[in-house]
Amino acid sequence: MLDQRLLRENPELISQQLARRGVEVDLASLQAIALQERDCEQRRSELQAEGNRIGRQVGQLIQAGSAPGGPEVRALRDQGNAIKHQVAGLEEQEKALEQQIRAALSALPNLPSAEAPDGRCEADNVEIKRWGSPRVEEGLEEHWQIGERLGLFETERSVRIAQSRFITLIGDGARLERALINFMLDLHSAKGYREVMPPILVNSASLTGSGQLPKFAEESFRCADDDLWLTPTAEVPITALHRDELIPTEQLPLRYAAYTPCFRREAGSYGRDTRGLIRLHQFNKVELYWFCTPEQSAAAHQQITADAEAVLETLELPYRRIDLCTGDMGFSAARTFDLEVWLPGAGSYREISSCSVCNDFQARRSAIRFKEGKSTQLVHTLNGSGLAVGRTMAALLETGQQADGSVRLPAALAPYFGSDTISAV
RNA sequence: GGAGAGGUGGCCGAGUGGUCGAAGGCGCAGCACUGGAAAUGCUGUAUAGGGGCAACUCUAUCGAGGGUUCGAAUCCCUCCCUCUCCGCCA
């Protein structure tokens with residue numbers, strides 16, 4: 001959510017910055033509504049002040065011995081009643097205006113940061129770094145081929161259990177998934193991240209707080225009988241963890257690492273990535289999350305990205321870092337670095353982590369603040385996958401595949417998995 | 001699911017119609033005392049929005065929303081949540 005004050009004072013700035021994202025909005029009429037709302041509020045509070053004075057006067061008169069039904073008191077009562085009616089009318093107006101403003105503002109994405117590269121779509125993203133030496137031999141298998149051959153997961157039978165785009169990990173596949181989750185959490189914990197395991201059903205206030213609602217309702221699964229949704233990412237429950245809080249300043253930055261399953265409808269992706277672990281309705285993810293001060297957030301963005309990269313590097317997986325252009329960034333983000341892992345079988349880089357700084361956008365929606373001297377300020381929030389577990393497994397399978405059909409795992413994973421090789425059963 | 005109790009400031013806790021944004025305590029900050037500290041004393045210490053260069057000031061907020069009243073933390077209604085006991089349950 002954007003600042004209402006900014007809307008009143010400088011709507012052109014908002015329009016200008018949103019235009020960088022390809023969002024064209026004319027805020028003149030919304031600004032007019034916001035100004036009208038403020039006038040309304042001003043008049044209302046003046047009337048209320050008058051009403052309070054009258055109330056106090058009546059009390060004083062009665063305590064001084066004046067008859068409660070006498071003419072003096074009666075006159076004041078009439079005045080009080082008149083004011084009450086006026087206030088009620090203004091309040092109603094004010095509420096309607098406020099609702100309009102909120103509805104409009106909550107549908108607007110975050111302003112991009114100055115550093116984010118301008119652009120319209122994926123093609124305008126900027127690659128800023130490459131790490132590792134990708135395998136590029138001919139004839140490498142894709143991860144789903146390897147997985148099926150080694151019996152790591154069940155695709156067909158999972159449709160029986162749920163529907164398409166669900167997967168069942170089995171045997172070494174299930175074991176590897178668990179090993180990866182533990183490995184990632186340990187790595188992050190060692191760097192000072194605090195581990196959390198939040199609810200993965202969240203209410204709509206939580207989804208609104210992190211920016212998924214109201215615009216992206218069709219992306220999430222909802223429980224029909226309750227005001228509860230399946231989390232699309234741990235970012236949602238972690239943001240909500242501190243909703244409506246004033247965080248003691250000395251605690252900032254607060255850093256969390258959470259493993260959760262994530263659920264997404266993947267609407268509009270029919271026919272894409274239908275095989276294997278790349279695009280599923282349910283997948284596991286270890287998420288990194290920071291709450292920090294505005295001064296800390298730019299450096300924090302570099303750090304959270306580096307912490308995600310550390311997972312790839314420890315797993316010896318070649319990757320590149322992409323600076324997303326303004327047109328390709330998510331709703332709540334001010335700037336985003338995507339990490340793309342090299343998939344030797346597919347012969348392409350594939351997103352495996354998305355590290356975003358949201359500035360005060362989510363904090364304003366969620367009312368998460370801290371004290372700076374006497375004034376209260378909104379915190380900045382950041383999130384980054386560290387990493388998407390299923391895609392990590394896909395990368396490991398394709399990267400570690402050997403001529404004899406087995407898969408060699410990186411040394412760092414062996415203690416977690418219990419072996420450095422996956423072979424056919 | 002059944003029965004009961006309760007939701008007040010960062011925390012604990014008083015407050016059943018009139019100057020209560022709210023006693024008292026804890027915590028925190030500043031000052032004093034001290035060689036330094038502890039202890040003690042004094043002072044200050046909510047959030048949101050509006051106005052003002054500022055000192056400051058106005059409004060709202062005692063779980064949420066309605067209602068009664070000139071006036072509500074206090075009375076009435078609805079809802080939400082928490083706790084205790086019983087039942088059920090991993």
Side-chain angles (χ1 to χ4, degrees), chain A residues 1-10 30-102 105-106 197 199-209 223 225-229 237 240-252 254 261 291 360-379:
Chain A
M1 181 107 74
L2 304 174
D3 193 357
Q4 282 204 35
R5 193 182 212 119
L6 188 61
L7 170 65
R8 264 186 265 123
E9 290 169 3
N10 198 353
L30 195 61
Q31 180 197 28
I33 292 172
L35 290 171
Q36 197 188 339
E37 194 264 349
R38 192 191 50 185
D39 288 348
C40 231
E41 181 184 337
Q42 245 170 65
R43 273 190 294 151
R44 192 212 68 218
S45 72
E46 276 162 26
L47 277 171
Q48 278 174 326
E50 178 62 18
N52 288 342
R53 266 194 296 280
I54 290 170
R56 233 172 286 137
Q57 243 175 310
V58 172
Q60 279 164 359
L61 279 173
I62 291 174
Q63 268 171 0
S66 192
E72 248 182 329
V73 172
R74 168 65 55 86
L76 285 171
R77 276 189 185 174
D78 290 346
Q79 273 185 57
N81 270 322
I83 287 172
K84 197 159 52 166
H85 285 113
Q86 290 180 60
V87 168
L90 282 170
E91 255 174 353
E92 204 174 318
Q93 254 186 69
E94 204 180 317
K95 220 171 174 176
L97 292 170
E98 174 65 23
Q99 240 164 40
Q100 276 184 62
I101 297 165
R102 285 196 75 90
L105 277 186
S106 65
M197 197 170 281
I200 53 178
L201 290 186
V202 298
N203 57 37
S204 42
S206 297
L207 279 163
T208 306
C223 302
D225 293 334
D226 304 276
D227 176 32
L228 289 171
W229 307 62
L241 186 62
H242 289 290
R243 180 146 40 91
D244 295 320
E245 277 188 28
L246 211 139
I247 299 176
T249 308
E250 67 277 8
Q251 285 182 15
L252 297 174
L254 271 175
F291 297 89
D360 61 12
F361 187 79
Q362 293 177 321
R364 183 173 298 105
R365 288 173 159 242
S366 300
I368 306 171
R369 298 140 300 162
F370 73 102
K371 281 265 191 191
E372 172 120 306
K374 292 206 91 172
S375 78
T376 313
Q377 280 194 55
L378 295 166
V379 301

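Below, all heavy atoms of this structure are taken into account, side chains as well, without hydrogens, waters or symmetry copies. Letters A, B, ... mirror the listed sequences (proteins, then strands); counts begin at 1. Quick caveat: nothing in here was measured; it's all calculated off a predicted structure.
Counting any heavy atom pair closer than 4.0 Å across all strands shown, A/Arg74 reaches no nucleic acid atom. Here A/Ile83 lies out of heavy-atom contact (under 4.0 Å) with every strand. Within 4.0 Å of A/Asp78, counting heavy atoms only, lies no atom of the nucleic acid at all. Base engagement by A/Gln60 is indicated by at least one non-hydrogen atom pair under 4.0 Å involving a base atom.
Only the P atoms considered, B/rC83 is 29 Å distant from B/rC26, to the nearest whole Å. Atom P of B/rC79 sits at a distance of 33 Å from the matching atom of B/rA22, rounded to the whole Å. The same atom, C1', is picked in B/rG1 and in B/rA14; the two are 37 Å apart, to the nearest Å. One P atom belongs to B/rA64, the other to B/rG10, and the distance between them is 13 Å to the nearest Å. Here, B/rG30 and B/rU84 have their C1' atoms 44 Å apart, quoted to the whole Å. Nucleotides B/rC62 and B/rG21 place their P atoms 11 Å apart, quoted to the nearest Å. On the C1' atoms, B/rC33 is 11 Å away from B/rA39, given to the nearest whole Å. B/rG6 and B/rC56 have their C1' atoms separated by 40 Å, given to the nearest Å.
In this structure, A/Leu76 places its CG atom 17 Å from P of B/rU69, rounding to the nearest Å. Protein atom CZ of A/Arg53 is 12 Å distant from nucleotide atom C1' of B/rU59, rounded to whole Å. The distance from atom CD of A/Glu46 to atom P of B/rA60 is 13 Å, rounded to the nearest whole Å. Going from atom CD of A/Glu50 over to atom C1' of B/rG71 covers 14 Å, rounded to whole Å. One can place CD of A/Gln251 at 11 Å from C1' of B/rG10, the figure rounded to the nearest angstrom. Rounded to an integer number of Å, the gap from A/Leu90 CG to B/rA60 P is 14 Å. Rounded to a whole Å, the CD1 atom of A/Ile62 is 11 Å from the P atom of B/rG18. Between A/Asn203 atom CG and B/rC80 atom C1' the separation is 12 Å, expressed in whole Å.
When Watson-Crick and G-U wobble pairs are counted only if both distances are under 3.5 Å, B/rG18 pairs with B/rC70. B/rG35: no Watson-Crick or G-U partner with both key distances under 3.5 Å is found in any strand. With a 3.5 Å ceiling on both atom-pair distances, B/rA54 lacks any Watson-Crick or G-U wobble partner. With a 3.5 Å ceiling on both atom-pair distances, the Watson-Crick or G-U wobble partner of B/rG27 is B/rU45. Pairing for B/rG87 is absent, judged as Watson-Crick or G-U wobble with the two contacts each under 3.5 Å. Pair check for B/rU82 finds B/rA5; Watson-Crick or G-U wobble, both atom distances under 3.5 Å. Across all strands shown, B/rG65 pairs with B/rC77; the Watson-Crick or G-U wobble distances both stay below 3.5 Å.
The closest side-chain donor-acceptor pair between A/Gln4 and A/Glu98 falls under 3.5 angstrom.
Applying side-chain contact (heavy atoms from CB on, under 4.5 Å) to A/Leu90 and the options A/Arg43, A/Glu46, A/Lys95 leaves one that passes, A/Arg43.
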Take A/Gln48 and A/Arg44 through the test side chain to side chain donor-acceptor pair (under 3.5 Å) and record every step on the way to the result.
-> CA-CA 6 Å; A/Gln48 278 174 326; A/Arg44 192 212 68 218; 3.1 Å; yes

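Which of B/rU19, B/rC70, B/rU47 sits closest to the side chain of A/Ile54 comes down to B/rC70. With distances taken from any side-chain atom of A/Gln48 to the nucleotides B/rA60, B/rC58, B/rU19, the minimum falls on B/rA60.
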Indicate for each nucleotide in nucleotides 49-54 of chain B, in 5' to 3' sequence, whether protein heavy atoms under 4.0 Å reach the base (B), only the sugar-phosphate (S), or nothing (-).
-> BSS---

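Distance check: A/Ile33 CD1 to A/Gln100 CD gives 4.0 Å after rounding to the nearest 0.5 Å.
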Report all side-chain donor-acceptor pairs from residues 202-209 of chain A shorter than 3.5 Å, counting only partners two or more places apart or in another chain.
{"residue": "A/Asn203", "atom": "OD1", "partner": "A/Ala205", "partner atom": "N", "Å": "3.4"}
{"residue": "A/Asn203", "atom": "OD1", "partner": "A/Ser206", "partner atom": "N", "Å": "3.0"}
{"residue": "A/Asn203", "atom": "OD1", "partner": "A/Ser206", "partner atom": "OG", "Å": "3.0"}
{"residue": "A/Ser204", "atom": "OG", "partner": "A/Asp227", "partner atom": "OD1", "Å": "2.6"}
{"residue": "A/Ser204", "atom": "OG", "partner": "A/Asp227", "partner atom": "OD2", "Å": "3.1"}
{"residue": "A/Ser206", "atom": "OG", "partner": "A/Arg243", "partner atom": "NH2", "Å": "2.8"}
{"residue": "A/Thr208", "atom": "OG1", "partner": "A/Ser204", "partner atom": "O", "Å": "2.8"}

N/O-N/O pairs, protein side and nucleotides 61-68 of chain B side, under 3.5 Å:
{"residue": "B/rG66", "atom": "OP1", "partner": "A/Lys95", "partner atom": "NZ", "Å": "2.9"}

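Ranked by how close their nearest RNA chain B nucleotide is to the 5' end, A/Arg56 and A/Arg77 are led by A/Arg56. Nearest-nucleotide assignment on RNA chain B puts the 5′-proximal partner with A/Arg369, out of A/Arg369 and A/Gly80.
For the pair A/Leu254/A/His242, a side-chain contact is recorded, criterion being any heavy-atom separation below 4.5 Å from C-beta on. Looking at A/Asp39 and A/Gln36, their side chains never come closer than 4.5 Å, going by heavy atoms from C-beta outward. At a threshold of 4.5 Å between non-hydrogen side-chain atoms, the residues A/Phe361 and A/Leu2 count as touching. A/Gln31 places a side-chain heavy atom less than 4.5 Å from the side chain of A/Leu35.
The pair A/Glu50-A/Arg53 meets the salt-bridge criterion, since a charged nitrogen lies less than 4.0 angstrom from a carboxylate oxygen.
The two residues A/Leu7 and A/Ala34 come nearest to each other via the heavy atoms CD2-CB, 3.9 Å.
Contact annotation: A/Asn52 side-chain N/O to B/rU59 OP1/OP2 distance is under 4.0 Å.
Put simply, the side chain of A/Arg365 gets close to the backbone of A/Ser106: a donor and an acceptor are under 3.5 Å apart.
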